[in-house]
Number of protein chains: 2
Amino acid sequence: MKRDSRLSSVLHALLHMAEHEGPMTSDALGRCLGANPVVVRRTMGLLREAGLVSAERGHSGGWRISADLRIVSLRHLHEALGEPAIFAIGNRNEVPECLVEQAVNAALDKAFLEAEALLMERFADVTLADLAADFTRRHAERRATKD
Amino acid sequence: MKRDSRLSSVLHALLHMAEHEGPMTSDALGRCLGANPVVVRRTMGLLREAGLVSAERGHSGGWRISADLRIVSLRHLHEALGEPAIFAIGNRNEVPECLVEQAVNAALDKAFLEAEALLMERFADVTLADLAADFTRRHAERRATKD
DNA sequence: TTTCATGTAACTACATATGTTACGATTCGG
DNA sequence: CCGAATCGTAACATATGTAGTTACATGAAA
Ligand code: FES
Ligand code: FES
């Protein structure tokens, strides 16, 4: 099954934008991510609808972050992307007649809901500012290693 | 993304087998689950390789449970199925050069690993015997409601 | 007015799960 | 022993969802 990598993509894009002066074009972001510029527009468009970024058309246009990096969490981004399905595993039949299958579904659903709740908690805990700081730390580490 | 429903399927099948005298054929299980008998064989074959069920060919053959219901947990079944990918969301690039992407991946991986660990813990806690008991409870409840 | 950029629709390419067909191998009942 | 029942497995078909691509309209700046 092909995994949805949009959360990873927009995070990468947003952090590059945060480090960058002025707007970045879909083309530049696409080259950065190794993705198609139309796909970038498609995905960033969802963030725009959520008010997290803004786009300007025409000469020297592109994408800009329009939210506070300290506020925007992974959870906000996940929601902006439409809360895509998290799990690649699911029940065969969501509304079974059979009591056996109902018992199975109840057990699986319980476990998956708990895992999802934990994941959302962790997502809410991590902001773009946190990731930017982590990047800065890694950058300093690399320079220290090289010297 | 199309979700993998094999865990749900084998649980349903195993519980029906547990309630059933003698072996059950792939055909019978397929009718029960609403699945193709070849798919049943394909999936149950993985459980056979893990020693959880046995198959007999020929007249009055079929599938039998060959393990203790109190021992076999959801986790055992997940492992028997080859530990398929749990998440439908992933990193765009698993081995990135870019430090920004490394920081992003690290944060996402941490959250997903924690969620996966919790899920595996819950899976390990639920045995086939537990599910069979839950089925019995639901069965009694339905009869009580009908009376 | 030309060029650069987003916005969007429509189609293609690809991956993966499941379904289907076909046939061989094995076991049992008569 | 023969034939029906059943698993084992390969090969192919179908369905679904993500990402890529092409095409063109819209808008803004030089
Ligand atoms: S891809 Fe992150 S550096 Fe351009
Ligand atoms: S499908 Fe569970 S009762 Fe047959």
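To find a chain, count down the sequence lines: A is the first, B the second, and so on, and within it residues start at 1.
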In whole angstrom, give the distance that lies between atom [atom1] of [X] and atom [atom2] of [N].
| X | N | atom1 | atom2 | answer |
| --- | --- | --- | --- | --- |
| L7(A) | dA19(D) | CG | P | 11 Å |
| I86(B) | dA17(C) | CD1 | C1' | 17 Å |
| D4(A) | dG20(D) | CG | P | 12 Å |
| L29(A) | dG7(C) | CG | P | 13 Å |
| N91(A) | dA17(C) | CG | C1' | 16 Å |
| R3(B) | dA17(C) | CZ | C1' | 13 Å |
| L47(A) | dT6(C) | CG | P | 14 Å |
| L46(A) | dT18(D) | CG | P | 12 Å |

Output yes when at least one side-chain N/O atom of [X] is less than 4.0 Å from OP1 or OP2 of [N], else no.
| X | N | value |
| --- | --- | --- |
| R41(A) | dT6(C) | yes |
| T25(B) | dT6(D) | no |
| R6(A) | dG17(D) | no |
| R48(B) | dT9(D) | yes |
| S5(A) | dA19(D) | yes |

**Item:** Separation between CG of L128(B) and CG of L11(B), rounded to the nearest 0.5 Å
**Value:**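 So the gap between those two atoms works out to 6.5 Å.
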**Prompt:** Taking atom types as modelled, is there a side-chain donor on S26(A) or W63(A) under 3.5 Å from an acceptor on the other?
**Reply:**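 Side chains of S26(A) and W63(A): pair found under 3.5 Å.
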**Message:** Does R42(B) reach a base, just sugar-phosphate, or nothing at all? Heavy atoms under 4.0 Å.
**Reply:**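 Contact class for R42(B): base.
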**Item:** Nucleic acid contacts of residues 53-62 of chain A, taken as heavy-atom distances under 4.0 Å to DNA chain D
**Value:**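 Those residues are R57(A), G58(A), H59(A).
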Indicate yes or no: at least one non-hydrogen side-chain atom of [X] is less than 4.5 angstrom from one of [Y].
| X | Y | result |
| --- | --- | --- |
| H12(A) | C98(B) | yes |
| V53(B) | M44(B) | yes |
| I89(B) | P84(A) | yes |

**Message:** Among dG20(D), dT21(C), dC7(D), which nucleotide has an atom closest to any side-chain atom of V38(B)?
**Reply:**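 Within the option list, the nearest is dT21(C).
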**Asked** What's the closest nucleotide to the V39(B) side chain, out of dG19(C), dG20(D), dA15(C)?
**Response**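 For V39(B), the side-chain atoms sit closest to dG19(C).
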**Message:** For N36(B) and M24(A), find the nucleotide of DNA chain C closest to each by heavy atoms; which residue's nucleotide sits nearer the 5' end?
**Reply:**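 Result: M24(A).
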**Residues forming a side chain to side chain contact (heavy atoms under 4.5 Å, CB included) with A85(B), sequence neighbours excluded** =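 Per chain and number, A85(B) pairs via side chain to side chain contact (heavy atoms under 4.5 Å, CB included) with no residue.
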**Request:** Answer yes or no: are there more than 12 heavy-atom neighbours, outside E83(A) itself, under 6.0 Å from its atom CD?
**Result:**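 Enclosed: over 12 neighbouring heavy atoms sit under 6.0 Å from CD of E83(A).
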